[in-house]
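What follows is a short report on a single structure.
Every heavy atom of this structure was used, including side-chain atoms; hydrogens, water molecules and symmetry mates were not.
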Amino acid sequence: MVRPSPYSPEFREEAVQLALKSSKSIAQVAQVARELEMNPETLRTWVRRHEREHGKQTEPLAVDERARARGRTSRTGTPSG
């Protein structure tokens, strides 16, 4: 039996976008994962899946977008604060 994911689809998409826009290096993807308090391999898997389905992106993420994303609660999708 497969257990349900603790991550919402919205969180997954936002995490992938952050990883894609921050950098293409594995170290930067791992950094984004740490900032979102999640396993880096999970994020890498999501990124690879996204790239297979949608192609690759090259634009870097703006500093304010990255800071805003860090303030979100990772598992529930509700804002922290």
Side-chain angles (χ1 to χ4, degrees):
M1 179 182 260
V2 178
R3 69 177 207 199
S5 173
Y7 302 105
S8 71
E10 295 83 11
F11 174 77
R12 286 181 187 216
E13 184 60 29
E14 287 184 33
V16 166
Q17 292 304 316
L18 283 172
L20 289 172
K21 292 178 181 178
S22 66
S23 175
K24 293 296 180 189
S25 76
I26 291 173
Q28 287 294 351
V29 172
Q31 177 62 34
V32 170
R34 281 190 296 275
E35 290 173 3
L36 296 174
E37 299 176 0
M38 63 179 296
N39 186 307
E41 269 315 302
T42 300
L43 182 55
R44 283 190 199 105
T45 299
W46 295 350
V47 168
R48 285 191 299 266
R49 182 178 302 140
H50 179 84
E51 288 178 338
R52 276 194 311 269
E53 294 173 358
H54 303 286
K56 295 186 179 188
Q57 297 176 340
T58 59
E59 281 187 38
L61 183 65
V63 174
D64 61 327
E65 290 176 329
R66 191 171 182 160
R68 186 175 61 242
R70 272 189 234 148
R72 298 183 186 198
T73 302
S74 62
R75 294 178 189 251
T76 63
T78 58
S80 61

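Glu10 contributes atom CD, which lies 9.5 Å from atom CD of Glu13 (distance to the nearest 0.5 angstrom). Within the model, atoms CD of Glu53 and CZ of Arg49 stand 7.0 Å from one another, a figure rounded to the nearest 0.5 Å. The structure places OH of Tyr7 at 7.0 Å from CG of Asn39, a figure rounded to the nearest 0.5 Å. The distance from atom CG of Leu43 to atom CD of Glu35, rounded to the nearest 0.5 Å, is 10.5 Å.
Closest approach of Ala15 and Leu36 over heavy atoms only: CB-CD1, 3.7 Å. In plain terms, the two heavy atoms of Ala19 and Ser22 that are nearest each other are O-OG, 3.2 Å.
Glu51 has its side chain within reach of Leu20: a pair of non-hydrogen atoms, C-beta onward, lies under 4.5 Å apart.
The side-chain hydrogen bond (donor to acceptor under 3.5 Å, both in side chains) test applied to Thr42 returns no partner, not counting sequence neighbours. Considering only residues two or more places apart in sequence or on other chains, Arg44 meets the side-chain contact (heavy atoms from CB on, under 4.5 Å) condition with Ile26, Val29, Ala30, Pro40, Glu41, Arg48.
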